[in-house]
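Working notes, structure below.
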Amino acid sequence: MTQVSAEALVELAKRRGFFLQSAGAYGGVSGFYTFGPQGAALKRNIEDTWRDRFAIQEGHMEVDAPTVLPEPVFEASGHLDGFDDMLVECPECGQSHRADHIVEDDPDTGIDEAESLAPERIEEVIAEYELVCPTCGTGLAGQAIEQFNLMFETTIGPGSSAPGYLRPETAQGIFIEFPQLAEYARNQLPFGVTQIGRAYRNEISPRKSLLRVREFSQAELELFVDPEENEPDLSSVADARARFYPAAEQDREDGKPIETTIGAAVEEGIVADPWIAYYLGVAAEWYQRIGLDMDRFRFRQHRPGELAHYSEDCWDAEGDVSDPGAEPDWIELGGFAYRADYDLSKHDAHSEEDFTVFKQYDEPITVEKATVDPDMSYLGPEFGGRAGDVADALADLAEQESDAFEGEEVSVEVDGESYTVPVEKTGFAVEEVTESGKHVTPHVVEPSLGIDRALYTALDHSYREDKVDGEERTYLALPPEVAPTTVGVFPLMDKDGLGERARELAATLRDDGVSVAYDDSGAIGRRYRRQDEIGTPYCVTVDYDTLEDGTVTIRDRDSTAQKRVAVDELAGTIETLLSGEDAFEDI
RNA sequence: GCGCCGGUGGUCUAGUGGUAGGACAUGAGCUUCCCAAGCUCAUAGCCCGGGUUCAAUUCCCGGCCGGCGCACCA
């Protein structure tokens with residue numbers, strides 16, 4: 001198995017049109033990449049296979065939300081606070097540190113949630129407790145806190161009254177439309193919503209070409225489940241094999257990944273949540289399908305410290321993209337999180353919509369329910385403008401603590417003020433009501449995959465070097481399904497009518513929906529090599545025999561072997577090769 | 001954002017205080033009956049700005065971009 005250095009891969013990517021740094025004519029811009037012709041085609045094919053597997057095969061809905069959303073969305077999602085890094089620079093050694101972490105790490109401050117504090121407050125705390133630089137011990141009092149928000153900010157419409165942000169993940173676009181999406185799903189759980197789209201993070205320091213960028217594509221599935229009832233059918237992925245690297249193994253000195261099947265991983269408790277396990281299985285098969293080497297792939301469980309506070313269990317898909325001879329370099333390709341009701345509850349609380357679904361009971365049930373029907377002709381004159389709020393408070397109190405209505409009077413608090421109302425004026429009553437169901441906030445299972453990183457890793461893992469007749473050759477062993485071009489069509493020479501015949505053939509194949517590269521330049525070997533280097537799996541050559549008997553040669557990229565096939569059968573042959581029905585040796 | 005190193009055609013690279021040479025690739029032509037062959041010709045480059053200088057791609061400063069390390073990666 002050939003390994004390729006990042007340098008060589010990036011060089012090939014630029015030279016052959018997979019990806020290049022954007023805006024080179026203007027000095028380049030860090031963290032932005034343009035996909036060239038091959039890269040755009042490869043990316044589209046990868047996205048198509050993702051769509052096929054995660055949306056179509058699962059029967060889920062695909063949506064397409066805006067990349068710009070208004071500020072309140074990110075207040076609710078927590079990105080506005082969570083993305084605001086407060087950095088403080090040491091005047092002595094020049095090291096930057098997270099100011100909120102320094103505050104949290106000092107037990108004397110008694111603060112363990114500094115992230116939500118204002119920067120001015122952090123500066124005060126640093127001065128007050130004489131906090132020092134963790135690196136060199138110099139006092140940090142008086143140093144300015146620099147704020148850095150990882151979200152790109154913009155304004156919506158003229159003026160600055162409506163701030164908006166480029167989404168840092170595609171998921172929020174799905175969550176905020178949940179009420180309507182649930183309607184489209186006829187309020188039946190479970191249902192899944194997918195989205196493939198761009199997301200933006202204003203990274204401090206983009207690195208490693210495509211692997212850490214400021215604009216990238218994500219493919220996300222949000223599966224909304226009823227936590228009490230829904231369970232996945234694991235049978236379809238039970239045999240999928242992968243390497244699992246549980247948190248416990250990572251903490252051990254000699255810990256290592258465990259290679260097993262999804263079915264066994266669930267049985268042995270390696271993966272606790274069956275939904276997560278299901279999508280690990282689906283994803284493992286998908287990564288293999290787009291060309292990843294499963295020997296350089298693993299699922300790694302988040303260690304307790306890495307877990308987001310809402311997540312009970314989270315696994316990452318990781319790929320090794322190390323240089324030849326180097327230690328493995330694992331990069332995160334995707335995350336699989338059980339997000340519980342975190343997102344929907346947040347939006348339910350912050351917005352005016354209902355982010356629940358109504359779940360009907362098998363049988364209606366009868367419950368005792370305390371209600372109020374306040375006498376507003378009393379409350380109005382008595383409390384003036386607060387009467388409405390008092391009535392609401394009474395209703396809440398009745399629901400939560402009906403005992404409070406047992407005396408002559410009942411008191412409620414509104415904005416810190418206490419209001420006392422005679423019980424007889426509250427219309428308090430306990431009645432039997434029939435409930436046919438209840439509102440539940442669905443839980444979210446979220447497989448979230450980075451398309452750019454998947455593409456990069458697929459290129460990295462499919463890079464090959466070998467020798468053909470003593471000549472060195474570079475090729476990409478991309479799966480035919482995702483290769484940017486499926487077939488190269490060449491005339492052996494562009495004369496004696498071979499060119500016309502080949503062009504006809506190219507047009508026919510294109511008409512059949514095959515992605516074709518036509519090439520009649522220079523020597524035939526050069527044309528083969530060109531296609532090899534962009535991963536074109538098959539090349540078809542029109543030669544003198546074609547004019548005689550209507551057959552062409554078809555050449556296999558990986559083996560460079562050739563076979564003769566009748567022109568009439570070519571489209572069908574290619575189709576069976578693409579579907580995997582036949583191997584090249586079998587045609 | 002900090003530190004170190006770097007930036008010459010599409011790619012790889014030589015070189016220089018007097019504006020650049022090669023290889024590969026690309027295009028045209030010749031040749032060629034299946035794997036980067038050969039010949040001829042052609043296209044194409046000193047990251048940007050400022051300074052020093054008669055003159056800067058070269059020296060100095062700043063910026064941009066890249067690599068590595070640190071920090072960051074919700």
Side-chain angles (χ1 to χ4, degrees), chain A residues 5-8 10-17 20-32 36 74 77-90 93-98 100-101 115 133-135 146 148-151 168-169 171 199 201-209 211-214 216 306-311 323 331-332 335 337 450 466-475 488 490-496 498 521-533 539-547 552-557 559-562 564:
Chain A
S5 70
E7 201 184 355
V10 168
E11 188 268 314
L12 184 146
K14 179 168 189 186
R15 191 163 42 80
R16 286 299 183 194
L20 66 153
Q21 193 181 23
S22 301
Y26 293 90
V29 53
S30 186
F32 293 91
F74 300 110
S77 69
H79 287 104
L80 210 51
D81 286 339
F83 259 53
D84 236 346
D85 282 349
M86 286 176 282
L87 299 177
V88 60
E89 193 180 322
C90 172
C93 68
Q95 287 280 318
S96 279
H97 298 277
R98 285 278 295 267
D100 49 330
H101 287 178
E115 214 173 281
C133 170
T135 308
E146 271 183 83
F148 190 78
N149 193 295
L150 257 26
M151 284 196 293
E169 61 175 19
R201 292 176 195 181
N202 202 359
E203 296 282 353
I204 296 172
S205 152
R207 284 283 165 92
K208 300 190 174 194
S209 69
L211 297 179
R212 193 141 146 228
V213 288
R214 293 188 164 123
F216 53 97
E306 286 178 85
L307 285 176
H309 51 284
Y310 50 79
S311 188
D323 287 354
I331 59 159
E332 179 187 342
D466 66 359
K467 285 201 169 179
V468 176
D469 297 338
E471 295 278 359
E472 284 189 8
R473 176 176 81 128
T474 300
Y475 66 104
F490 318 140
L492 187 56
M493 276 171 299
D494 191 13
K495 62 180 189 185
D496 301 332
L498 294 178
S521 78
I524 190 84
R526 179 180 296 264
R527 290 177 255 164
Y528 284 140
R529 294 296 202 274
R530 227 178 245 150
Q531 295 304 319
D532 286 342
E533 216 175 22
C539 289
V540 168
T541 301
V542 169
D543 57 19
Y544 287 94
D545 288 354
T546 311
L547 302 180
V552 291
T553 61
I554 178 166
R555 174 228 190 225
D556 178 50
R557 173 194 64 203
S559 63
T560 75
Q562 287 182 313
R564 287 206 82 88

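Note that the structure is a prediction, hence the values are computed from the model and not measured. Within every chain, numbering begins at 1; the chains are lettered A, B, ... in the order of the sequence lines, protein sequences first and strands thereafter.
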For atom P, what is the distance between U43(B) and C54(B), given to the nearest Å? 36 Å
Picking from U26(B), A71(B), C33(B), the nucleotide nearest the side-chain atoms of Y544(A) would be C33(B)
Measuring from atom OG1 of T560(A) to atom CZ of R473(A), what distance do you get when rounded to the nearest 0.5 angstrom? 6.0 Å
Is a donor-acceptor pair below 3.5 Å formed from side chain R473(A) to base C35(B), judging by atom type as modelled? no
Taking atom types as they are modelled, is there a donor-acceptor pair under 3.5 Å from the base of C33(B) to the side chain of D543(A)? no
Please report the distance separating the P of C4(B) from the corresponding atom of G63(B), rounded so that it comes out in whole Å. 13 Å
Given atom CE of M493(A) and atom P of G29(B), what is their separation to the nearest angstrom? 15 Å
Does any N or O in the side chain of D496(A) come within less than 3.5 Å of the main-chain N or O of L498(A), such that one atom is a donor and the other an acceptor? no
Per-nt protein contacts along nucleotides 37-46 of chain B (heavy atom under 4.0 Å; B base, S backbone sugar-phosphate only, - none) come out as S---------
For A55(B), which nucleotide in any strand shown is its Watson-Crick or wobble partner with both distances under 3.5 Å? none
Scan E7(A) against the nucleic acid and name what it touches under 4.0 Å (heavy atoms): base, sugar-phosphate only, or nothing. nothing
Mate of G17(B) across any strand shown (Watson-Crick or G-U wobble, both atom pairs under 3.5 Å) is none
How close or far is atom C1' of C35(B) from atom CD of E472(A), stated in whole angstroms? 15 Å
Inter-residue atom distance Q21(A).CD - S30(A).OG, 0.5 Å rounding: 6.5 Å
Let me know the distance between CZ of F490(A) and P of C33(B), rounded to the nearest Å. 18 Å
Given C35(B), C34(B), U32(B), the nucleotide with the shortest approach to the side chain of V468(A): C35(B)
Calculate the interatomic distance between E11(A) atom CD and G9(B) atom P; express it in whole Å. 13 Å
Whichever of R555(A) and G522(A) has the more 5' nearest nucleotide on RNA chain B, that residue is G522(A)
Can you measure R529(A) atom CZ to U11(B) atom P for me and round it to whole angstrom units? 23 Å
What are the two closest non-hydrogen atoms of R530(A) and S521(A), and how far apart are they? NH1-OG, 2.9 Å
Would you kindly give the CG-to-P distance between D545(A) and C34(B), to the nearest whole Å? 11 Å
Determine the interatomic distance between P on C12(B) and the same-named atom on C5(B); round to the nearest Å. 22 Å
Taking the C1' atom of each, how far is C59(B) from U53(B), in whole Å? 10 Å
Under 3.5 Å on both distances, the Watson-Crick or G-U partner of C2(B): G69(B)
With rounding to the closest Å, how many angstrom separate the P atoms on U32(B) and A37(B)? 16 Å
Counting only heavy atoms not in E7(A) (residues, nucleotides, ligands), do more than 12 fall under 6.0 Å from its CD? no
Between T541(A) and R527(A): side-chain donor-acceptor atoms closer than 3.5 Å: no
Distance check, C1' atoms only: U58(B) and C2(B), in whole angstrom units. 29 Å
Euclidean distance for C1', G45(B) against A23(B) (whole angstrom): 15 Å
To the nearest angstrom, how far is K14(A) atom NZ from G67(B) atom P? 13 Å
Does G66(B) have its OP1 or OP2 closer than 4.0 Å to a side-chain nitrogen or oxygen of Q21(A)? yes
Counting distance alone, no hydrogens or angles: does the base of G69(B) have a donor or acceptor under 3.5 Å from a partner atom on the side chain of R207(A)? yes
Under 4.0 angstrom, heavy atoms only, what part of the nucleic acid is R527(A) near: base, sugar-phosphate, or nothing? nothing
Can you work out whether A561(A) or G28(A) has the more 5'-proximal nearest nucleotide on RNA chain B? A561(A)
U32(B): pairing nucleotide in any strand, Watson-Crick or G-U under 3.5 angstrom: none
For nucleotides G1(B) and A42(B), find the distance between their P atoms and express it as a whole number of Å. 47 Å
Does S30(A) make a side-chain N or O approach to OP1 or OP2 of G66(B) shorter than 4.0 Å? yes
Taking only Lys NZ, Arg NE, NH1 and NH2, and the carboxylate oxygens of Asp or Glu, determine whether E533(A) and R15(A) approach each other closer than 4.0 Å. yes
N/O donor-acceptor pair, side chain Y26(A) with base C64(B), under 3.5 angstrom: no
Would you give the length of the straight line joining atom CG of D543(A) to atom CD1 of I524(A), rounded to the nearest 0.5 angstrom? 9.0 Å
Check: R214(A) side chain, E203(A) main-chain N or O, donor-acceptor pair, under 3.5 Å: yes
Spacing between R214(A) atom CZ and C72(B) atom P, to the nearest angstrom: 17 Å
Applying the Watson-Crick and G-U wobble criteria at under 3.5 Å, what pairs with G10(B)? Answer none if nothing qualifies. C24(B)
Any strand counts, and the cut-off is 3.5 Å on both contacts for Watson-Crick or G-U wobble. Which nucleotide pairs with C46(B)? none
Given the structure, check if the side chain of R212(A) and the base of C72(B) hold any donor-acceptor pair shorter than 3.5 Å. yes
Rounded at 0.5 Å granularity, tell me how far CD in Q562(A) sits from CG in D556(A). 10.0 Å
